[in-house]
Amino acid sequence: MPFGNTHNQAKLKFSSEQEYPDLSKHNNHMAKVLTPAIYERLRSKETPSGFTLDDVIQTGVDNPGHPFIMTVGCVAGDEETYEVFKELLDPVIEARHGGYKPTDKHKTDLNSGNLKGGDDLDPDYVLSSRVRTGRSIRGFCLPPHCSRGERRAVEKLSVEALASLSGDLKGKYYALKNMTDAEQQQLIDDHFLFDKPVSPLLLASGMARDWPDGRGIWHNDNKTFLVWVNEEDHLRVISMQKGGNMKEVFDRFCTGLTKIETLFKERGHAFMWNEHLGYVLTCPSNLGTGLRAGVHVKLPNMSKNAKFEEVLTKLRLQKRGTGGVDTAAVGGVFDISNADRIGFSEVELVQMVVDGVKLLVEMEKRLEKGQSIDDLMPAQK
Amino acid sequence: MSGGGAHDRGDSKATFQQLAVRRQQLSNSSSSTDLYLRYTSGGKMSGSFRRLISGRNTAVLLASLGAGTMATGVLLNENGSLAAEAKKKLYPPSSDFPDLRKHNNCMAAALSPAVYAKLRDKLTPNNWTLDQCIQTGVDNPGHPFIKTVGCVAGDEESYEVFAELFDPVIKDRHNGYDPRTMTHPTDLDASKIKNGMFDENYVLSSRVRTGRSIRGLSLPPACSRAERREVERVVVTALAGLKGDLAGRYYSLGDMTEKEQQQLIDDHFLFDKPVSPLLTCAFMARDWPDARGIWHNNEKTFLIWVNEEDHTRVISMEKGGNMKRVFERFCSGLKQVEHLIQERGWEFMWNERLGYILTCPSNLGTGLRAGVHVRLPKLSKDPRFNKILDNLRLQKRGTGGVDTAATGDTFDLSNLDRLGKSEVELVQLVVNGVNYLIDCEKKLEKGQDIQIPAPLVQFKK
């Protein structure tokens, strides 16, 4: 909660043992890392804005997790969280991001010219292409912790900056609390509208407070560039279009992001970024690039093949249903995207998706003809 | 202990200190000294972080954050508390005032920008804030027909520190009861109840419930895990001292076996993690199911919920129509539990303005809901039914409890009021009312006409 020094001081009258959460039935990254000793060392700390260890871990305490799916179980309330609570968050980051060490450096590369190919994914198979990331505005608390005043300030800044975009990026902002029924229906039909989170993972972290105050959706007139304001992060930036021209999607993504960053800087605000963690976002799973580049692709034969999972793992790709995270695939159509977020640059991740999807489509075509795919099996990336 | 903002009204703060000392004397726990030391020394910010943000490192840090971020420059000063101070200047109360234009709850009706500005930066001794009190009301705009309360207390002192909000909310919810000028009567002498045995051809079951909070520990919206566990420990220890027809057993929610769980469901005793956003937005479901549980006596007529919406909910119930006996057991059980916790240096939260202090302002005073499951097949179809209930100050619910619909002609009928009338008065009101309704039902069976009774007086002003 905002304005510092809230409940933490009062809690210190109890011993660490008395406060330590019962994590015996838990399966998430936070629960695996948080020993009583670490809890004891970190519990008296708070960030300058007053975010405490218990604030960081509440979502992980309230959501024990699933035997098969390892959730993160902790969130940041501000940029300093990752510093003040690094004893907890560094190991969580290392576990979640495939061994990323506290001393590792993350490279940022938003020069879409460095992408090879990507403009020729077969549109008979690749139905749509999309790249998303998030950005946080330095100096403001993150969604789990921000006050209404801060959230509104983030909204105001974002809307002002976005209003300056021009050309094919020119667009309009729709505040969630002000939109008309007609606007709402259009945004639903365009698959742009986000609604109040229902996932207990998000609710337990405090992100849905004051809904829908300060939340909204901006998109360009062409409906190919979309920004969510104050949902799970300050900003979620999405570039998307039908078909398989991932290069064009990524070009627009990089251009748009760079323009937005410039507009913010002109107004005296930077994005949260550092050379170890890259772009700083609410959930540790989105650090680094925060980038998910993906396609909706028809793989009815490939997905039934015994080697499907193995291929995905080797290609460093992940599958989801076409409703997004935690949904099932419908009609053999899968959402295929990069599994990594940190330790690879934006260009490198999109390259993996482009190359990987190309290979998967090739395999699909072979299986359609009843041919083998053994010679196409990739090496581990 | 923070000195900020709490008025020192009445005995609450002094009593807490006395209790703390007494508890140390009585306690055989080795952690009591720790408790005291930590409490007075307070917490400290990490040494390395303090060094990082002070002195000549500030320039380096500011530079890395980017020029022109004057806001951040103001924030990153000597230490954390200055950061909070600077933030208050940067975000005046007007920037934080919630948008309540679409809201229909008591909090939204009472919270003007002026009141918000006055109260926003205050803290209770447990560092609970106004924003935390009202979060549930901001997140749940309410229903055009049902006016919810929209705010909760985080501790006993909330009702004092934020009195400028809570007093009008209490007045709104409790029919004009003014905590500044009125006193609330407490009366748990069940022998005063007359005609408390209902005709069991109509009344299927009788029940009385209330809540009790343990003074000195934060309430469910605000409590830390250690506080919640302490509530559990205090209550369960006391309940273990009950004997005779009140002897019973505790079932911790996290530890119960499948078999125990099924039995509690079959007995209609089990409560589960709240799903209502009214409760979840008030932070009450944190750390579920840690330190939550159910105690009941062997005869299954006296039941206590631990750490659900309140520290404790106390329920006395039986099949049939013997409301007098249900209330006798209720009073006797409550008094015994109170005695058992007092032996160990604890008390219930109570004062003469607000009666028993509970999490939701709607449950202040007696916190009492006395009710029956009653069959009224003819009367319930009579167009005058609701008006009769209104005048008798009774509320109908479905047999699943609050926010459920009635099945068939069986209703849950109970008192509407909680504050301004004593426990005895409210139970007598229910007894008189239900007897009147049964009388009406019998008249209608015989083809006779019935009368709408005169409305009951609210309370003595």
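Excluded from the calculations below are hydrogen atoms, water molecules and symmetry mates; all remaining heavy atoms, backbone and side chain alike, are included. All chains are named by letter (A, B, ...) in the order of the sequence lines, taking the proteins before the strands, and each is independently numbered beginning at 1.
Residue with the most contacts toward chain B among A:N274, A:D62, A:D213, A:L203: A:D62 (heavy-atom pairs, distance under 4.5 Å).
A:F14 and B:E227 get closest at one heavy-atom pair: CE1-CG, 3.3 Å.
Taking CG from A:D54 and CZ from B:R225, the interatomic distance works out to 4.5 Å, rounded to the nearest 0.5 Å.
A heavy-atom distance below 4.5 Å is found between the side chains of B:N126 and A:K13.
For the pair B:K102 (side chain) and A:K177 (backbone), a donor-acceptor distance under 3.5 Å is present. No side-chain donor-acceptor contact under 3.5 Å links A:R209 to the backbone of B:Q135.
For A:Y20, the part lying near chain B is the backbone, with the side chain staying farther off; criterion is any non-hydrogen pair under 4.5 Å. For A:I57, the part lying under 4.5 angstrom from a heavy atom of chain B is the side chain only. For A:E19, the parts lying near chain B are the backbone and the side chain together; criterion is any non-hydrogen pair under 4.5 Å. Proximity to chain A is limited to the side chain of B:I134, based on heavy atoms less than 4.5 angstrom apart. Looking at B:D287, both its backbone and its side chain come within 4.5 Å of chain A, counting heavy atoms on both sides. If you measure heavy-atom distances from B:R286 to chain A, the contacts under 4.5 Å come from both the backbone and the side chain. Contacts between A:A208 and chain B at a heavy-atom distance below 4.5 Å involve the backbone alone (N, CA, C, O).
Taking a 6.0 Å sphere around NZ of B:K273, one finds it holds more than 12 heavy atoms contributed by other residues, nucleotides or ligands. Atom NZ of A:K156 sits in a sparse spot, with 12 or fewer heavy atoms from other residues, nucleotides or ligands closer than 6.0 Å. In this structure, A:N178 places its CG atom where more than 12 heavy-atom neighbours from other residues, nucleotides or ligands lie under 6.0 Å away.
Electrostatic pairing of A:R148 and B:D99 does not count as a salt bridge here, judged by no charged N lying under 4.0 Å from a carboxylate O. In summary, B:D96 and A:R152 do not engage in a salt bridge, as defined by a charged side-chain N under 4.0 Å from a carboxylate O.
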